[in-house]
Amino acid sequence: MTERPGGPRQTGAKRPQGLTSQFVGLKLRLLANIFRRSPWQVVGIVIGLVYGLGLAALLFAALVGFRFVDDVSFLRDAIVVAGSATVVGFIVFPLLFGVDDTMDPRKFALFGLPGRRLAIALGVAALIGIPALVLGILLLGTVVTWSRGVGETVLAILAAAIAFLTCMLLARAATALASFLLATRRARELLGVFGLLFIVVLSPVAVGLTTVDWAADGRRFLAALADGLSWTPLGAAFAAPGDAAAGAWGIALLKLLIALATLALLAFAWAGLVEIMLVTPGREGSAKNYRGLGWFDRLPQNPTGAVAARSITYWLRDARYWVSIVMVPLAPLVVLVAFGVVGVPMDLLGLVPVPLMCLFLGWTLHNDTAYDSTAIWLHVVSGVRGAADRFGRLVPVLVLGVLVIGLGSAVTVFVLDDWRTLPSLIGVSSVLLFSGLGIGSVSSARFPYPAVKPGDSPFQQPQSTGSVSALVQTITMFGSLIVAIPAIGFALLGIFDDPAWHLASFVSGTLLGLLVLVVGVWLGGRVFDRRGPEILAAAIRA
């Protein structure tokens with residue numbers, strides 16, 4: 001008996017798995033591994049799963065119930081708005097909050113896999129997971145909602161499939177971009193600051209929505225919003241079945257084509273992103289070379305100048321301080337919208353932003369000592385006088401505050417075309433800034449509470465805060481307002497009674513503010529001298 005060329009036949013040999021099936025199996029194993037953690041972590045995961053799937057089941061039941069609602073236009077508008085918000089969520093969540101990308105394309109760069117095949121395999125693997133399951137349940141509910149005929153049902157199935165694939169690809173691409181572009185700490189901090197900025201900017205929109213008379217105008221507002229979103233990639237797939245159910249088949253097919261074209265472009269973009277990531281190494285933070293001592297060369301060579309130079313450097317480079325700088329001009333925006341909603345006249349609203357910015361600027365230093373963390377030992381062991389430490393920390397905020405008062409007050413009275421209010425505007429703003437800095441000089445030395453450590457994300461939760469933090473923040477904020485009562489009172493008299501009172505507001509605000517500032521620096525310096533070891537011990541414990 002002779003063997004055939006090529007060796008004996010291996011009838012029992014298994015065919016090799018396809019690349020996509022291997023990645024699907026890898027994703028399933030990764031999902032199974034989440035239940036191999038500590039018991040309490042598993043309990044938390046199970047509770048989260050039950051909550052998420054239970055909410056999805058309730059929404060699915062509601063969508064099934066909508067099948068028997070005859071108001072097709074209202075259902076279409078509501079589903080388009082909700083679906084568009086869902087698509088935005090799949091983009092924004094990975095970018096702003098970061099997701100651990102266990103299937104990062106760069107992890108497979110050394111396997112020699114073709115980029116297009118890898119993109120397909122990773123895209124299919126992305127269809128497996130808890131978010132995909134929840135989204136699939138909800139989209140299946142929309143199919144039931146629009147199953148009002150054979151044509152409508154087929155179109156609803158196609159639209160749901162396109163919406164599902166679009167959301168999954170968007171999430172996959174956003175996660176890859178987040179891990180690719182946000183690898184450095186500085187990039188993550190900047191994105192966090194911009195995310196906070198985005199949320200604050202949207203807050204006036206939320207306030208404005210509360211003013212809508214939903215009983216009378218809500219339906220019209222919802223319809224206008226849905227009509228705009230239905231022609232965009234965000235809502236086209238969700239709008240097509242509703243338009244078909246309303247009898248507008250031509251518009252429905254056109255929107256389905258928009259959704260399909262969006263999915264095709266997204267697929268090409270995902271394949272291109274994978275190709276780029278396979279040949280691009282991970283980003284690393286670049287070290288900058290600085291010449292000289294920076295602000296230490298420019299300021300006086302004494303303890304106060306050294307502390308001021310270090311504080312200015314912190315304010316320019318530390319992301320923890322950037323958050324404060326971003327919030328200072330944005331807080332008045334929210335207040336202006338809220339007051340505008342209740343009908344406060346614009347000539348009064350225009351006087352609010354500059355004093356409010358000064359209030360928040362003065363408040364920012366109420367826990368500045370804790371921001372030094374263990375580096376505060378340099379101040380303690382070197383024998384820096386408390387007054388020098390207290391005043392040196394105020395320099396960057398004082399410079400910024402004086403600029404805000406000067407430029408902001410001039411712009412305000414120019415826009416309002418009422419120069420008579422300039423003394424009051426300067427007086428109230430000055431007392432809020434100076435008194436806040438004076439009170440903060442004492443509170444940051446006497447009651448430092450745990451803060452975000454240097455180098456950590458500015459949005460990271462401190463180790464422990466307790467009730468001390470809330471008490472210190474409240475005392476500092478309301479203490480400044482109490483000191484400013486005379487200046488605010490004279491300013492109101494100048495607006496509603498006699499403009500001569502504006503001068504009294506300027507004098508009282510400036511003098512009281514400077515008095516609290518000087519006393520606060522002196523008293524805070526004495527507290528710092530006396531409690532240096534306790535401050536250092538608190539920094540070490542935190």
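Just so you know, these numbers use all the heavy atoms, side chains as well, and skip hydrogens, waters and symmetry mates.
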With rounding to the nearest 0.5 Å, note down the distance linking CZ in Arg531 to CG in Leu536. 11.5 Å
Asn302 side chain to Gly305 main-chain N or O, any donor-acceptor pair under 3.5 Å? yes
At what distance, to the nearest 0.5 angstrom, does CG of Leu511 lie from CG of Leu515? 8.5 Å
Using a 6.0 Å cut-off, check whether atom CZ of Arg385 has over 12 heavy atoms from anything other than its own residue. no
Kindly write out the residues that satisfy side-chain contact (heavy atoms from CB on, under 4.5 Å) with Leu492, not counting sequence neighbours, or none if the list is empty. Ile488, Phe496
Is the shortest heavy-atom distance from the side chain of Leu365 to the side chain of Tyr371 under 4.5 Å? no
Please verify the inter-ring angle class for Tyr321 with Tyr314; under 30° counts as parallel, over 60° as perpendicular, anything in between as tilted. tilted
Considering only heavy atoms from C-beta outward, does the side chain of Ser480 approach that of Leu359 to under 4.5 Å? yes
By side-chain contact (heavy atoms from CB on, under 4.5 Å), Ser505 pairs with (sequence neighbours left out) Ser424, Val428, Ala487, Phe490, Ala491
If you apply the rule side chain to side chain donor-acceptor pair (under 3.5 Å), what do you find for Thr369 with Arg390, and how did you get there? CA-CA 9 Å; Thr369 303; Arg390 300 292 88 188; 2.9 Å; yes
Determine, stepwise, if the pair Leu169 / Phe90 fulfils side chain to side chain contact (heavy atoms under 4.5 Å, CB included). CA-CA 9 Å; Leu169 268 182; Phe90 275 96; over 6 Å; no
Exam field: side chain Asp529 to backbone Gly386, donor-acceptor pair closer than 3.5 Å: yes
Atom CZ of Arg420 and atom CG of Leu503: how far apart are they, to the nearest 0.5 Å? 14.5 Å
Would you call Pro486 and Leu512 a side-chain contact if the rule is heavy atoms closer than 4.5 Å? yes
Would you say Thr364 and Trp315 make side-chain contact, with heavy atoms under 4.5 Å? yes
Should we count CZ of Phe506 as having more than 12 external heavy atoms under 6.0 Å? no
Is Tyr449 close to His366 at the side-chain level, that is, under 4.5 Å between some pair of heavy atoms? yes
Taking Gly406's backbone N and O only, do any of them form a donor-acceptor pair with Ser409's side chain (distance below 3.5 Å, no angle check)? no
SB check Arg393 Asp372 (cutoff 4.0 Å): yes
Under 6.0 Å from the CZ atom of Arg298, do we count more than 12 heavy atoms belonging to anything else shown? yes
Return the minimal non-hydrogen interatomic distance between Pro396 and Gly392, and the atom names on each side. CD-O, 3.9 Å
Which heavy-atom pair separates Ser444 from Ser441 by the least distance, and what is that distance? OG-O, 3.6 Å
For residues Gly401 and Leu433, report the shortest heavy-atom separation together with the two atoms involved. CA-CD2, 3.7 Å
Backbone of Leu229 reached by a side-chain donor or acceptor of Thr232 within 3.5 Å: yes
Looking at Thr304 and Ala388, what are the two nearest heavy atoms and their distance? OG1-CB, 3.4 Å
Using 0.5 Å steps for rounding, measure from the CG atom of Asp417 to the OG1 atom of Thr412. 13.0 Å
Decide yes or no on side chain to side chain contact (heavy atoms under 4.5 Å, CB included) for Phe434 and Leu398, but give the supporting numbers first. CA-CA 8 Å; Phe434 295 155; Leu398 276 175; 3.7 Å; yes
Ile405 side chain reached by Cys358 side chain, heavy atoms, under 4.5 Å: yes
Heavy-atom pair of closest approach, residues Leu351 and Ile495: CD1-CD1, 3.6 Å
Please report the shortest heavy-atom distance between Pro355 and Leu432, naming the atom on each side. O-CD1, 3.3 Å
Can any side-chain N or O of Trp363 pair as donor or acceptor with the backbone N or O of Gln473 at less than 3.5 Å? yes
Nearest 0.5 Å please: distance from the OG1 atom of Thr86 over to the CG atom of Leu138. 7.5 Å
Run through Val87, Val81, Val80 and flag the one making a side-chain contact (heavy atoms from CB on, under 4.5 Å) with Leu234. Val87
side-chain contact (heavy atoms from CB on, under 4.5 Å) filter on Phe478, not counting sequence neighbours, yields Thr474, Leu481
Gap between atom CZ of Arg446 and atom CZ of Arg526 - 0.5 Å precision: 14.0 Å
Verdict with reasoning, Asn367 to Val472, per side chain to side chain contact (heavy atoms under 4.5 Å, CB included): CA-CA 8 Å; Asn367 195 36; Val472 173; 5.9 Å; no
Within a radius of less than 6.0 Å around CH2 of Trp270, do more than 12 heavy atoms belonging to other residues, nucleotides or ligands occur? yes
Any heavy-atom pair between the side chains of Met477 and Phe360 that's under 4.5 Å? yes
Is any side-chain heavy atom of Leu135 less than 4.5 Å from a side-chain heavy atom of Met168? yes
